[in-house]
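Here the structure is a predicted model, which is why all the values come from computation and not from measurement. Below, chain A is the first sequence line, B the second, and so on; all start at residue 1.
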Number of protein chains: 2
Amino acid sequence: MPRAFAAGDDELVEAEHLIRDRMSGLNLDLLSLAAVSNVFRTATAVRNRMERDVLRPHRLSWSAFVVLFVLRIWGSQESRSLATEAGISGGTLTGVLDTLERKGLAMRQPVPEDRRRVEVALTPAGTKVVNDVMPAFNHEESLVTGDLTEDETATLASLLRRVLRTAEDLDGR
Amino acid sequence: MPRAFAAGDDELVEAEHLIRDRMSGLNLDLLSLAAVSNVFRTATAVRNRMERDVLRPHRLSWSAFVVLFVLRIWGSQESRSLATEAGISGGTLTGVLDTLERKGLAMRQPVPEDRRRVEVALTPAGTKVVNDVMPAFNHEESLVTGDLTEDETATLASLLRRVLRTAEDLDGR
DNA sequence: AAACTAACATTTGGGGCCGAACGATTTACC
DNA sequence: GGTAAATCGTTCGGCCCCAAATGTTAGTTT
């Protein structure tokens, strides 16, 4: 095993080498490619775990939970900001809110001074769901970062924060 | 501004503080929470950019491109391994392949010795699409990691690799 | 050889996802 | 004060997504 790779890394790194070999001639920035594609692969793997182990028992979709979570942390707000905050489109939010209202976890309220707008709030049942799910969610988070030291976990968060920041700035936000 | 945070970080860190304040009493592992939720937020932000700027002009969905990419790198293969490699379910792959075949980018071929199985291959047009899209994709990857040094980018890739590895091991793979 | 059993891809049903089109409302302008 | 423009949430069409059910085929047991 090459000394340059930490134990357990070689299998994943192999995929990156394969890409290099099959894509030579395209002059790719392999460092960025590895970092970004690992962001995607990690997000997918962890998300699949959480959907299966935490969300499915509660009959909750990923987006539905994100919406509940945003309402729990940032409080009641109108649809538009809620969609932005949850990272979904307005059209999608309509469907998600229909589902959440049907389950009695969130509620829409008219805004008196502007009849186009809608205020969305958590019901007590919705608040309870977030309070129940969050610890289970967080437990999964602890598990998957379990191989990292505290310093490394903090470094990971910080590096990702900078990538996220860069992506958002590029979008001219 | 606290010296501990790099410039531009405070806005994002604020969200993490807010979570701590609203969720005190739940005894959350905030370090893991920040790292993992930044994985999700970064993946979503970057993916949205790529879908909008790179994939949409080619009328390609994310999964459709991943399938093409896997075929390009790992070569023709049967449905089952293709679904696993692309990170989607078998049922989803059926639909994606229907779309890709309709567009002439991939093709299904019967496996002579076992009529249950199906071999999937890239068409020349499909190969061309991957070759065209990859550099644009990679350019976006370079952009969003542009604020990181080469060492930091390599560190990010390595830390994510370890989290991914841990998640896959937990799934008893 | 007949009957299980296992392994395929596909179909089905319910939901999520987006952009674009839509209708209702508010604001700005003349 | 009446019309035009902008801004809401919703609806619509097309695709993606999964788990579970389905039907076909191959392997295994008797």
> Hey, does the side chain of B/T149 reach the backbone of B/E152 with a donor-acceptor pair shorter than 3.5 angstrom?
Replying inline: yes

> Do any side-chain nitrogens or oxygens of B/R56 fall under 4.0 Å of OP1 or OP2 in C/dC18?
Replying inline: no

>> Rounded to whole Å, how long is the line connecting atom CD of B/E78 with atom P of D/dA26?
In response: 13 Å

> Which listed nucleotide (C/dC17, C/dT25, D/dG9) is nearest to the side chain of A/I88?
Replying inline: C/dC17

> When you match B/E51 and A/R102 each to their closest nucleotide on DNA chain C, which lands nearer the 5' end?
Replying inline: A/R102

>> Which is more 5' along DNA chain D, the nucleotide nearest B/P112 or the one nearest A/S81? Just name the residue.
In response: A/S81

> CZ/B/R161 to OG1/A/T42 distance, rounded to the nearest 0.5 angstrom?
Replying inline: 10.0 Å

>> Can you tell me if B/S61 touches the phosphate of D/dC15, counting only side-chain N or O atoms and a distance under 4.0 Å to OP1 or OP2?
In response: no

>> Applying a 4.0 Å non-hydrogen cut-off, can you work out what A/T94 is touching in the nucleic acid: base, sugar-phosphate, or nothing?
In response: base

> Counting only N and O atoms by type, is there a donor-acceptor contact under 3.5 Å from the side chain of A/R22 to the main-chain atoms of B/I73?
Replying inline: yes

> B/R47 CZ to D/dC16 P: how many Å, rounded?
Replying inline: 11 Å

> With respect to the side chain of A/R108, which nucleotide from C/dT11, D/dT10, D/dC8 is positioned closest?
Replying inline: D/dT10

> How long is the line joining CD of B/E113 and P of C/dA7, in whole Å?
Replying inline: 18 Å

>> Can you tell me which residue among A/V120, A/L60, A/V96 is in a side chain to side chain contact (heavy atoms under 4.5 Å, CB included) with A/V67?
In response: A/V96

>> In whole Å, I'd like the distance from the CG atom of A/L100 to the P atom of D/dT10.
In response: 13 Å

>> Once you apply a heavy-atom cut-off of 4.0 Å, does B/T92 come out as touching a base, just sugar-phosphate, or nothing?
In response: base

>> Between C1' on C/dC8 and CG on B/L82, what's the gap in Å once rounded to a whole number?
In response: 14 Å

> Roughly, in whole Å, what's the span from CG in A/L97 to C1' in D/dT11?
Replying inline: 15 Å

> Taking atom P of D/dC18 as reference, at what distance in whole Å does atom CZ of A/R52 sit?
Replying inline: 13 Å

>> Taking the nucleotide of DNA chain D with the nearest heavy atom to each, does B/S63 or B/D114 sit closer to the 5' end?
In response: B/S63

>> At 4.0 Å (heavy atoms only), tell me whether A/R59 reaches a base, stays on the sugar-phosphate, or touches nothing.
In response: nothing

> Are OP1 or OP2 of D/dA19 and a side-chain N or O of B/S89 less than 4.0 angstrom apart?
Replying inline: no

> If you take atom types as modelled and just measure distance, does the side chain of A/R116 reach the base of C/dA24 with a donor-acceptor pair under 3.5 Å?
Replying inline: no

>> Donor-acceptor pair, distance only, cut-off 3.5 Å: does the side chain of B/S158 make one with the backbone of B/A154?
In response: no

>> Using whole Å, what does the distance between atom P of nucleotide C/dC17 and atom CG of A/D98 come to?
In response: 13 Å

